[in-house]
Amino acid sequence: MIDKITYLIITLFFTSFIITAQTQQPTKVYLERADVQSADEDIAKDRLVFTGNVVFRHDSSFMYCDSAYFLQDVNSLEAFSGVRMEQGDTLFVFGDYLYYDGNTKIAQLRHNVRMESVQSDTSIVTLFTDSLNYDRTNDIGYYFEGGMIIDEENELTSVYGQYSPGTKLAIFNDDVELENPKFTLTSDTLHYNTETKIATILGPSVIISDSSTVYSSRGWYDTDNNTSLLLDRSQVLSGDRILIGDSISYDRDNGFGEAFGNVFMQDTLQKIEMTGRYGYYNEKEEFAFATDSARCIEYSQGDTIFIHADTFQLFTVDSTARELKAFHHVRFYRTDVQGVCDSMQYNTKDSVLCMYDDPILWNEQYQLFGDTIMIYMKDSTVDYVHVIQYAFAIEELDTASYNQLKGNDLKAYFEGKELRVIDISGNAESIYYPLEDDGTIIGLNQMQSSYARISLKDNKISELKFWPSVEGTLTPIPDLKPDQKLLKGYYWFDYLRPLDKDDIFRDASIKKEDKPQRSNRFNFLP
């Protein structure tokens, strides 16, 4: 039922119409015909009683009934049984009872009321209710105890409703439901244009179809074309996917949702979230896109990875797997690994993360970089990392001392969240600082060979192996020259490293002097 405030607003609204009508000079209601006429002396001497094929006229409106009371002094009438009002050839109202006031031009119809508004040769809008008031001056019919409006496409019901045949606008309040063959819309407040078939959402609403569910409190829905514009943080749910935005343009037939401002997209099955200032999702192609301050959160592996990039694309590989692509200024953070690159790709099926174009990866005090980096996940942790071409691994001992290892190809194996083994294939070189038991640096060990392996325990080098043949020197610290401390191609990119999940948004670029210079030849130290 209508609350008191709504009822007061409605009363004041229509009272203003009545006052406006009363300021105009009223015209008389005329009896056009009746089979029998008599006076009702028991009730009122000024009340005339008519029975049989009764017809009244007021201006251009005609009223028909089986019997009626005609109150000439107050310019009004009461009609009983078989009541019908006709206004031109476009508006017809039926009911069991009618009270009509010729001064205010307001008709009150009760019981089995039906209003038919002819919009065209093929389009008729019908209103059903048990109590209807029709204001002829403002051309508005309204019900307040439940009603239904039907056109050729939709059926709308509510506790309170009003319809204007002239403007084709219907207004609904309280327990509103719009039934369409393709969807159902429930709402608190809804406007509907019977000509354009556009429903305007003005209160909390839910739109349910076989392919999606929409939540919105403001916007519009074109029921003819199945398109909509949804505002105020509306949501579109399609299967395992969620799309939220400050505003959403949604095409249900094509399964396309485009979101603007504070966009949130989530795949609850694959446990991936994307945010940005702009995004869209294609239900049929199962493709999502996000850009402008974009972020992706992937939490399927237990340890959540937070990624920032200029643009994200999310593809469906098969029914159970997704492929994520990130483009330009990629930065990501996970508690065990952090990285930066220009572009990245992640496949949920094989749990492989690929980094391209100046990729850099950090774990604890270790830094890896090269031409391409592949990160292989297993059981929620990093299994191993493959650095393809121009591979370089660095361990920071202190701000002046760095263990270094480089070669054509590098694989770093993890156990839990700790680095355990590093394998180098092709043109292996290293700079290594051996330590005393108390941690004192003995000197600098420089070695070269075709292959190398470093084994670590408790984040310290436990074994260093080169094969098949080794060239190397050990230089004591006092004899060490500055140019011996770094391998060619060494860069320490700690200033780029993401420090936490929010630091991924920091604008950080490789310094011009630190831009790696690629070469197919490794220059060995003398």
Side-chain angles (χ1 to χ4, degrees), residues 301 303 305 330 332 334-347 349-396 402-432 445-470 472 487-493 497 516 518-522 524:
Q301 297 295 322
D303 195 351
I305 182 171
V330 178
F332 68 86
R334 213 174 97 147
T335 56
D336 53 348
V337 291
Q338 303 84 44
V340 299
C341 58
D342 189 65
S343 59
M344 189 179 76
Q345 179 176 309
Y346 177 71
N347 193 310
K349 185 175 183 178
D350 53 20
S351 298
V352 178
L353 192 153
C354 307
M355 303 170 63
Y356 305 101
D357 197 354
D358 295 330
I360 308 167
L361 187 70
W362 291 270
N363 167 258
E364 300 292 342
Q365 71 271 30
Y366 297 96
Q367 173 187 282
L368 305 176
F369 66 90
D371 183 73
T372 301
I373 297 179
M374 314 282 284
I375 304 174
Y376 294 81
M377 307 288 187
K378 183 180 180 182
D379 298 330
S380 301
T381 60
V382 177
D383 186 21
Y384 70 96
V385 174
H386 187 187
V387 184
I388 303 171
Q389 291 294 320
Y390 317 113
F392 211 123
I394 303 172
E395 177 194 12
E396 182 183 32
Y402 299 86
N403 289 331
Q404 301 155 55
L405 182 65
K406 75 173 186 177
N408 290 347
D409 190 274
L410 180 151
K411 289 184 178 180
Y413 298 90
F414 289 74
E415 184 177 311
K417 295 185 177 182
E418 294 184 354
L419 185 60
R420 286 288 186 253
V421 175
I422 299 177
D423 283 340
I424 285 284
S425 300
N427 297 323
E429 296 183 61
S430 79
I431 286 179
Y432 165 57
N445 195 339
Q446 304 174 44
M447 304 180 70
Q448 303 93 31
S449 186
S450 296
Y451 302 93
R453 166 170 288 187
I454 294 179
S455 299
L456 303 106
K457 185 177 181 180
D458 298 329
N459 284 325
K460 295 180 180 180
I461 296 177
S462 60
E463 183 181 10
L464 180 61
K465 180 180 179 182
F466 284 78
W467 73 92
S469 59
V470 182
L487 291 176
K488 185 175 178 60
Y490 164 92
Y491 299 97
W492 186 242
F493 296 110
R497 185 176 188 173
R518 303 306 191 195
S519 173
N520 289 327
R521 296 181 60 188
F522 281 79
F524 295 98

Residue pair [X] / [Y], side-chain heavy-atom distance below 4.5 Å:
X: V387; Y: L361; value: no
X: I388; Y: D371; value: no
X: W467; Y: R453; value: yes
X: L419; Y: E395; value: no
X: L456; Y: Y413; value: no
X: Y490; Y: I431; value: no
X: K406; Y: K488; value: yes
X: M447; Y: Y432; value: no

Minimum heavy-atom distance [X]-[Y], with the two atoms named:
X: I422; Y: A393; value: CD1-CB, 4.4 Å
X: F466; Y: S430; value: CZ-OG, 3.1 Å
X: W362; Y: F493; value: CZ2-O, 3.2 Å
X: L353; Y: M344; value: CD2-SD, 3.3 Å
X: P468; Y: S450; value: CD-CB, 3.8 Å
X: A412; Y: L410; value: N-CD2, 3.9 Å

Classify the ring geometry of F392 against F369: parallel below 30°, tilted from 30° to 60°, perpendicular beyond 60°.
parallel

Given 3.5 Å as the limit, does a donor-acceptor pair link the side chain of [X] with the main chain of [Y], or not?
X: S462; Y: S455; answer: yes
X: Q404; Y: L487; answer: yes
X: Q367; Y: Y491; answer: yes
X: T372; Y: Y356; answer: no
X: N347; Y: K349; answer: yes

Under the criterion side chain to side chain contact (heavy atoms under 4.5 Å, CB included), which of L405, I375, N363, V385 is the partner of L368?
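Of the listed residues L405, I375, N363, V385, the side chain to side chain contact (heavy atoms under 4.5 Å, CB included) partner of L368 is V385.
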
In Å, rounded to the nearest 0.5 Å, how long is the span from [atom1] of [X] to [atom2] of [Y]?
X: D423; Y: K465; atom1: CG; atom2: NZ; result: 10.0 Å
X: M355; Y: H386; atom1: CE; atom2: NE2; result: 14.5 Å
X: Y376; Y: D350; atom1: OH; atom2: CG; result: 8.0 Å
X: E364; Y: E396; atom1: CD; atom2: CD; result: 12.0 Å
X: Q338; Y: F332; atom1: CD; atom2: CZ; result: 8.0 Å
X: Y366; Y: E418; atom1: OH; atom2: CD; result: 9.0 Å

Side-chain H-bond candidate by donor/acceptor type, T335 with D303, under 3.5 Å
yes

Does the side-chain contact (heavy atoms from CB on, under 4.5 Å) test come out yes or no for Q448 and V470, once each step is laid out?
CA-CA 6 Å; Q448 303 93 31; V470 182; over 6 Å; no

